[in-house]
Peer 1: 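Starting off with a structure, shown below.
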Amino acid sequence: MDRRNVLKGMAGIAAASAATAFADAAVPPGKKQRNVLLLISDDQGLDLGCYGVAVKTPRLDRLARGGTLFRHGYAAVSSCSPSRAVINTGLYTHQNGMYGLQHDVHHQSLLPGIETLPSMLRRAGYATALVGKKHVGPDSAFPYEAELVPERGGIRDVRELAIAASSFIRSTDERPFFVTIAYSDPHRAAVDYGNDRAWPGVKPESYDPRRVQIPSHLPDLPAVRQDIAEYYESLSRLDAGVGMILDDLAATGRADDTLVIFLSDNGRPFPGAKTNLYDAGLHLPLIVHAPGSAPAVNDAMVSWTDIAPTVLDWTGVAPPAAYKLSGTSLLPILGKPDDPARDAIVASHDFHEINQYYPMRSIRTRTHNYILNLAWQLPYPIAGDVAGSPSWKAISADPAIPLGKRSQAAYLQRPAEELYDLTRDSDELVNVATDPAYAAIKAQLAERLRAIRAETRDPWLAGQTDPYSHVGQH
C-alpha cells in the first residue's frame with residue numbers, strides 16, 4: 001500500500017479546511033456545555049475492585065457505582081498505540097493504519113485523512129488537551145491545544161497529572177473541554193512498576209504476594225505472585241490519581257456537564273494477556289459516567305470502536321463525512337442492563353513492535369471465540385516488556401511450565417484457526433476448530449468475520465490493497 005497516496009480524497013477534505021480548522025471557534029451563546037474527560041490506563045486487565053478482584057481501587061469503584069459499569073467491554077486490539085488509535089478514531093487498526101507501536105523505531109502512524117477526536121472536537125470549538133502518554137501519530141492528526149506532562153521514563157506522579165489537567169480545565173473559561181488523561185500506570189517500569197519511591201499525595205498500598213489472585217492464564221510461581229503484587233500496587237496508585245482529578249472536577253462545578261469515560265488500552269503486561277486476542281488480552285474495564293444517567297451494570301458486548309462515536313454523540317459533533325465509523329454510540333444503553341443486539345466484538349492485530357509481525361483477526365460472541373492467525377507459520381512473538389518481566393523469565397526457564405493450563409509450546413506455535421466454546425471452556429484451552437461437531441459454528445463465525453473484514457476493507461483480506469480504495473484517486 002502506498003501510504004503517501006492513499007486517501008487523497010479525504011486528505012483533500014482535511015487540507016481544504018486546514019486554514020480555519022483550529023481557529024478559536026466559539027460555542028453558541030447559551031448552549032449547555034457537554035464536556036468530556038477520557039481516562040486511559042496503560043496495560044490494565046480486568047482488575048478493579050468493582051470487577052471482583054481483590055485490589056484496592058475505591059475511587060474507580062465509586063465511579064462505577066454512579067455510572068454504567070460494562071462487564072463485557074473489549075479492546076479491538078491488545079497493543080498500546082493501535083488501541084489508542086482505535087479509541088480516537090472509531091476505526092479498527094487495519095482501517096486507520098496504526099498497525100503497531102508508534103514511538104521510536106516502530107514508527108507506525110495513522111493513514112492520511114483519518115480524523116481523530118482531538119481534531120474533530122477542536123474544530124468544533126472545544127478546548128482540547130492530552131495529559132500524559134501519547135504514543136500515537138502523526139502529530140498533525142492529533143492537534144491538541146495543549147500537551148501536558150508528556151510521558152517521561154519512570155514517571156508515575158499521578159498528582160502532577162491531576163494538577164495539570166485541572167489547571168487546563170479551569171483555564172478554558174466558557175469553552176467546553178475534551179481532556180484525555182493517559183496514565184503510565186500500571187505499565188511496567190524500569191523497577192517494579194514505579195513502586196520504588198514515594199509519590200506526592202499518594203499513600204502506597206502494598207500487597208502480600210501470598211494472597212494475590214492468580215489469573216487463569218498464569219502459573220502459580222513465586223515470581224509471578226510478586227509480579228502481580230507490584231502490578232496491584234501500581235493500580236492502587238492509578239486509582240488515587242483518578243480520585244484527585246474527579247475531586248477537582250467536582251470543585252470546579254463542571255462535573256454535572258462532563259461525560260467521564262474510564263478504560264484501559266490493552267491487557268495486563270503478562271504472558272497470555274497483552275498482544276493476545278484471548279480474553280485476558282481484550283476483556284478490559286470500562287466505566288462510563290454520564291450526568292443524568294442512572295447507575296447500571298451492563299452486560300452488552302461493547303468495543304473500543306464505540307468510544308469515539310460515544311464522544312461525538314455526547315458533544316453533538318458530526319462524525320467524518322468521508323467514511324463510516326466502525327463503532328456505535330453507547331449513550332442509548334447507558335443506565336440499562338443489556339443490549340441483546342450487541343452480541344459480538346471483532347479484534348484485529350498486525351504488529352506490536354516492528355519486528356513482531358503476527359496478523360490476527362477474531363470474532364468473539366457470548367458463546368464462542370474464533371481466531372484467524374494469518375501468519376500462523378511464524379512463532380508467536382513476545383512483547384519486549386513481557387519478555388523482560390520476572391514472570392516470563394520464571395516461566396520460560398523451564399519449557400514444561402505451562403501458562404496456566406496452556407503449554408508453552410501451544411502458546412508459541414499456533415494453528416491457522418482457533419475456536420473455543422466459551423460455555424464449556426472459558427479459559428480457551430481446547431481448540432475445537434477441527435472438531436466436526438463445531439463445523440457449522442466455525443463456518444458461521446468465519447463467514448461473519450470475513451464479511452466484516454470486507455466491509456472494513458481489511459488490507460490483509462485477499463483482493464484488498466487499500467482500505468479506502470473507493471475514496472478519491474490514486
Side-chain angles (χ1 to χ4, degrees), residues 27 32-42 44 48-50 56-69 87 117-118 121-122 125-134 144-152 155-186 194 198-205 234-264 285-293 295 307 311 314-315:
V27 175
K32 183 178 176 66
Q33 286 194 2
R34 293 174 75 82
N35 312 303
V36 180
L37 183 63
L38 176 61
L39 308 171
I40 306 176
S41 63
D42 195 356
Q44 178 189 352
L48 290 175
C50 54
K56 298 174 184 177
T57 53
R59 297 311 303 272
L60 283 164
D61 297 347
R62 185 193 306 180
L63 182 68
R65 288 194 299 271
T68 298
L69 172 73
I87 291 168
L117 288 175
L121 270 65
R122 188 174 179 187
Y126 272 70
T128 60
L130 171 68
V131 185
K133 185 170 184 173
K134 193 172 186 181
Y144 293 99
E145 184 176 327
E147 293 188 18
L148 309 171
V149 198
E151 185 185 29
R152 303 190 295 273
I155 187 170
R156 301 298 165 117
D157 193 340
V158 294
R159 189 177 74 170
E160 183 178 356
L161 296 174
I163 290 172
S166 296
S167 297
F168 180 83
I169 290 170
R170 291 173 182 272
S171 74
T172 59
D173 300 321
E174 297 304 314
R175 288 188 296 160
F177 63 80
F178 169 65
V179 174
T180 298
I181 304 181
Y183 294 92
S184 292
D185 287 317
W199 293 103
V202 176
K203 179 184 176 181
E205 294 283 359
S234 182
L235 279 174
S236 289
R237 180 172 55 246
L238 162 74
D239 182 77
V242 170
M244 293 175 192
I245 184 61
L246 293 181
D247 285 345
D248 201 72
L249 181 66
T252 66
R254 303 179 80 172
D256 290 341
D257 301 323
T258 301
L259 177 74
V260 179
I261 301 174
F262 174 84
L263 75 170
S264 171
L286 174 61
I287 302 168
V288 181
H289 184 281
S293 178
I307 302 303
V311 171
W314 171 258
T315 59

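Because the structure is a prediction, the values reported are computed rather than measured.
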Peer 1: Could you list the residues that satisfy salt bridge (charged side-chain N to carboxylate O under 4.0 Å, His left out) with Asp247, not counting sequence neighbours?
Peer 2: Arg59
Peer 1: Would you say the side-chain atoms of Gln33 pair up with the backbone N or O of Glu174, donor to acceptor, closer than 3.5 Å?
Peer 2: yes
Peer 1: Where the side chain of Asp157 meets the backbone of Arg159, is there a donor-acceptor pair that is under 3.5 Å apart?
Peer 2: yes
Peer 1: Where do Trp314 and Val36 land on the side chain to side chain contact (heavy atoms under 4.5 Å, CB included) test, with the steps shown first?
Peer 2: CA-CA 8 Å; Trp314 171 258; Val36 180; 3.7 Å; yes
Peer 1: Measure the shortest side-chain to side-chain distance between Leu286 and Ile307 over non-hydrogen atoms and say whether it is less than 4.5 angstrom.
Peer 2: yes
Peer 1: For Thr57, check side-chain hydrogen bond (donor to acceptor under 3.5 Å, both in side chains) against everything at least two apart and list the hits.
Peer 2: Asp61
Peer 1: Just to verify, what does Ser264 make a side-chain hydrogen bond (donor to acceptor under 3.5 Å, both in side chains) with, not counting sequence neighbours?
Peer 2: none
Peer 1: What I'd like to find out is whether the side chain of Val311 reaches to under 4.5 Å of the side chain of Leu121, using heavy atoms alone.
Peer 2: yes
Peer 1: Which heavy-atom pair separates Ile287 from Cys50 by the least distance, and what is that distance?
Peer 2: CD1-SG, 4.3 Å
Peer 1: How many angstroms lie between atom CD1 of Ile261 and atom CG of Leu37, to the nearest 0.5 angstrom?
Peer 2: 9.0 Å
Peer 1: On a heavy-atom basis, which atom in Ala127 and which in Thr172 lie closest, and how many Å separate them?
Peer 2: CB-CG2, 3.4 Å
Peer 1: Among all residues two or more places apart in sequence or in another chain, which pass the salt bridge (charged side-chain N to carboxylate O under 4.0 Å, His left out) test with Asp239?
Peer 2: none
Peer 1: So, taking the atom named CD1 in Ile87 and the one named CG in Leu117, what distance separates them when rounded to the nearest 0.5 Å?
Peer 2: 9.5 Å
Peer 1: Evaluate the criterion side chain to side chain contact (heavy atoms under 4.5 Å, CB included) for residue pair Tyr183 and Gln44; output intermediate values, then yes/no.
Peer 2: CA-CA 11 Å; Tyr183 294 92; Gln44 178 189 352; over 6 Å; no
Peer 1: Quick one: pull up OG in Ser41 and CG in Leu48 and give me the separation to the nearest 0.5 Å.
Peer 2: 7.5 Å
Peer 1: Could you state the interatomic distance from CE (Met244) to CD (Glu160), rounded to the nearest 0.5 Å?
Peer 2: 11.5 Å
Peer 1: Ignoring hydrogens and angles, tell me if any N or O in the side chain of Thr128 forms a donor-acceptor pair with the backbone of Glu145 under 3.5 Å.
Peer 2: yes
Peer 1: How many angstroms lie between CG in Leu148 and CZ in Phe168, if you round to the nearest 0.5 Å?
Peer 2: 7.0 Å
Peer 1: If the condition is salt bridge (charged side-chain N to carboxylate O under 4.0 Å, His left out), which residues does Asp248 pass it with, not counting sequence neighbours?
Peer 2: Arg170
Peer 1: Supply the atom-to-atom distance Leu238 CG to Leu39 CG, rounded to the nearest 0.5 angstrom.
Peer 2: 8.5 Å
Peer 1: Can you list the steps and then say if Asn35 with Ile169 is a side chain to side chain contact (heavy atoms under 4.5 Å, CB included)?
Peer 2: CA-CA 10 Å; Asn35 312 303; Ile169 290 170; over 6 Å; no
Peer 1: What are the two closest heavy atoms between Arg237 and Trp199, and how far apart are they?
Peer 2: CD-CD1, 3.6 Å
Peer 1: Show the numbers, then the answer: is there a side-chain hydrogen bond (donor to acceptor under 3.5 Å, both in side chains) between Asp42 and Ser184?
Peer 2: CA-CA 6 Å; Asp42 195 356; Ser184 292; 5.4 Å; no
Peer 1: With sequence neighbours excluded, tell me which residues meet salt bridge (charged side-chain N to carboxylate O under 4.0 Å, His left out) with Arg62.
Peer 2: none
Peer 1: Show your reasoning for whether side chain to side chain contact (heavy atoms under 4.5 Å, CB included) applies to Ile181 and Val242.
Peer 2: CA-CA 9 Å; Ile181 304 181; Val242 170; over 6 Å; no
